[in-house]
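Taking it in order: structure first as structure tokens, then the write-up.
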Amino acid sequence: LSATDAYRRHGWTAKNGYEEFVIQHVSEGPAGTPRRLTALLYLPQGGTPPYPVIAVNHGTNGVGPNCGPTHERIVSDYMAQPLVGQGYAIVAADYHGMGVDEGVYAYGVGDGEGRAILDGVRALYNFKDARFDGKTMLTDELFLYGHSQGGHATLFAQKLYDASVGPRLLGAVSVAPGLADL
């Protein structure tokens, strides 16, 4: 189902088109070690900046480097496309071990997933392209939204959030989260 078809089916009107970018950034891995991570950005076009930000956090899709949104967009498209069409900038972070071939990741390790999400948000705010500048085209409003494993990850990102992330965390939605010990 295309984003346009989804808008029609649900009666939504898309305000924007969008572009996708895959970025690589640094995140804190186990025992405080830096790790390379990737994230998929869905950035609005055709609307009026600045745009609020939503970190869209994907459910389980496997346990290897090709299983996150940067390789399998379907794991985040169903959540991200309607939101970017409404004028939100979206970051869909790969969890540690996904996107970059550094081995299989530890499934369900909430602190690592939460850090990956928040570091993806930081990377979005520092992203600059000829058509997009995170420092000038984004508001200071952040929302977290996740489903299944991403719901679990969202709860940890909310727990780990602090002002050093940059934008103000205004809310978090965790849909059908996996079990979490917060």
Side-chain angles (χ1 to χ4, degrees), residues 19-43 53-77 79-80 83-84 88-129 132-135 138 140 142-169 172-175 177-182:
E19 279 194 272
E20 293 178 348
F21 295 87
V22 174
I23 61 170
Q24 189 173 110
H25 59 94
V26 176
S27 183
E28 182 183 337
T33 58
R35 297 275 310 262
R36 292 181 300 146
L37 280 186
T38 46
L40 175 61
L41 307 180
Y42 300 78
L43 303 178
V53 174
I54 300 177
V56 168
N57 309 310
H58 64 90
T60 304
N61 190 49
V63 292
N66 295 325
C67 298
T70 61
H71 289 283
E72 294 288 334
R73 285 169 171 72
I74 194 167
V75 302
S76 56
D77 277 355
M79 294 183 289
L83 296 169
V84 73
Y88 293 92
I90 308 296
V91 57
D94 288 327
Y95 307 134
H96 290 273
M98 294 182 161
V100 178
D101 191 5
E102 291 187 350
V104 176
Y105 77 108
Y107 176 79
V109 177
D111 283 347
E113 293 168 351
R115 280 193 303 275
I117 292 164
L118 297 175
D119 289 336
V121 169
R122 287 181 179 101
L124 169 59
Y125 276 85
N126 288 305
F127 178 73
K128 187 170 185 168
D129 179 77
F132 193 90
D133 182 353
K135 294 205 185 301
L138 299 172
D140 73 340
L142 171 64
F143 302 90
L144 305 173
Y145 169 41
H147 174 250
S148 187
Q149 180 186 1
H152 171 263
T154 294
L155 294 173
F156 277 88
Q158 181 181 16
K159 176 183 127 182
L160 295 169
Y161 172 84
D162 65 38
S164 73
V165 175
R168 296 175 299 132
L169 179 59
V173 176
S174 178
V175 180
L179 296 176
D181 181 13
L182 298 174

Quiz item: Quick one: CG on Leu160 to CG on Leu155, what's the gap to the nearest 0.5 Å?
Solution: 11.0 Å

Quiz item: Do Glu72 and Asn66 have side chains that get closer than 4.5 Å, going by heavy atoms?
Solution: no

Exercise. Check the pair Tyr125 / Val53 against side-chain contact (heavy atoms from CB on, under 4.5 Å), numbers first and verdict last.
Key: CA-CA 9 Å; Tyr125 276 85; Val53 174; 3.3 Å; yes

Exercise. Side-chain contact test, heavy atoms from C-beta onward, threshold under 4.5 Å: evaluate it for Gln149 versus Tyr95 and give yes or no.
Key: yes

Self-check item: Least distance between heavy atoms, Ala172 atom then Gln158 atom
Solution: CB-OE1, 3.7 Å

Quiz item: Less than 4.5 Å apart, any side-chain heavy atom of Glu20 and any of Asp77?
Solution: yes

Self-check item: Atom pair CD1 (Ile117) and CG (Leu142), whose distance is rounded to the nearest 0.5 Å
Solution: 10.0 Å

Quiz item: If you look at every heavy atom in Ser27 and Arg115, which pair is closest and at what distance?
Solution: OG-O, 3.8 Å

Practice problem: Indicate the atoms forming the closest heavy-atom contact of Val121 with Val91, along with that distance. | Solution: CG2-CG1, 3.9 Å

Quiz item: Between the side chains of Arg122 and Ser164, is a donor N or O closer than 3.5 angstrom to an acceptor N or O?
Solution: yes

Quiz item: Looking at residues at least two apart in the chain, or sitting in another chain, which of them share a side chain to side chain donor-acceptor pair (under 3.5 Å) with Asp133?
Solution: none

Practice problem: Please lay out, stage by stage, how Lys159 and Asp111 fare under the test side-chain contact (heavy atoms from CB on, under 4.5 Å). | Solution: CA-CA 9 Å; Lys159 176 183 127 182; Asp111 283 347; 3.7 Å; yes

Practice problem: Calculate, to the nearest 0.5 Å, the distance between atoms CG and NE2 belonging to Asn61 and His71 respectively. | Solution: 11.5 Å

Quiz item: Under the 3.5 angstrom rule, does the side chain of Thr154 hit a backbone N or O of Gly146 as a donor-acceptor pair?
Solution: yes

Quiz prompt | Pairwise distance OH(Tyr88) to CG(Leu83) - rounded to 0.5 angstrom | solution = 7.5 Å

Exercise. For residues Leu118 and Asp162, determine if any side-chain heavy atom of one lies less than 4.5 Å from a side-chain heavy atom of the other.
Key: no

Practice problem: Check His25 against Ala116 and note the closest heavy-atom contact, atom names and distance. | Solution: CE1-O, 4.4 Å

Exercise. Just do the side-chain contact (heavy atoms from CB on, under 4.5 Å) check on Gln24 and Thr70 with the steps written out, would you?
Key: CA-CA 10 Å; Gln24 189 173 110; Thr70 61; over 6 Å; no

Self-check item: Where Val165 and Pro167 come nearest, the two heavy atoms and their spacing
Solution: O-CD, 3.3 Å

Quiz item: Can you check whether Leu43 reaches Phe127 side chain to side chain, under 4.5 Å on heavy atoms?
Solution: yes

Quiz item: From Asp129 CG over to Glu19 CD, what is the distance, rounded to the nearest 0.5 angstrom?
Solution: 7.0 Å

Quiz item: At their closest point, which heavy atom of Gly151 faces which heavy atom of Pro177, and how far apart are they?
Solution: C-CB, 3.6 Å

Practice problem: Give, for atom CD1 of Ile90 and atom CG of Leu40, the distance between the pair rounded to the nearest 0.5 Å. | Solution: 10.0 Å

Self-check item: Heavy-atom check, side chain of Met98 versus side chain of His58, under 4.5 Å
Solution: yes

Quiz item: Taking side chain as C-beta onward, heavy atoms only, is Arg73 less than 4.5 Å from Val22?
Solution: yes

Quiz prompt | Tyr42: partners by ring pair (Phe, Tyr, Trp, His ring centres under 6.0 Å), with sequence neighbours left out | solution = Tyr18

Exercise. For the pair Phe156 and Val109, evaluate side-chain contact (heavy atoms from CB on, under 4.5 Å) and give the outcome as yes or no after the intermediate values.
Key: CA-CA 9 Å; Phe156 277 88; Val109 177; over 6 Å; no

Quiz item: Which residues pass the ring pair (Phe, Tyr, Trp, His ring centres under 6.0 Å) test with Phe143, sequence neighbours left out?
Solution: none

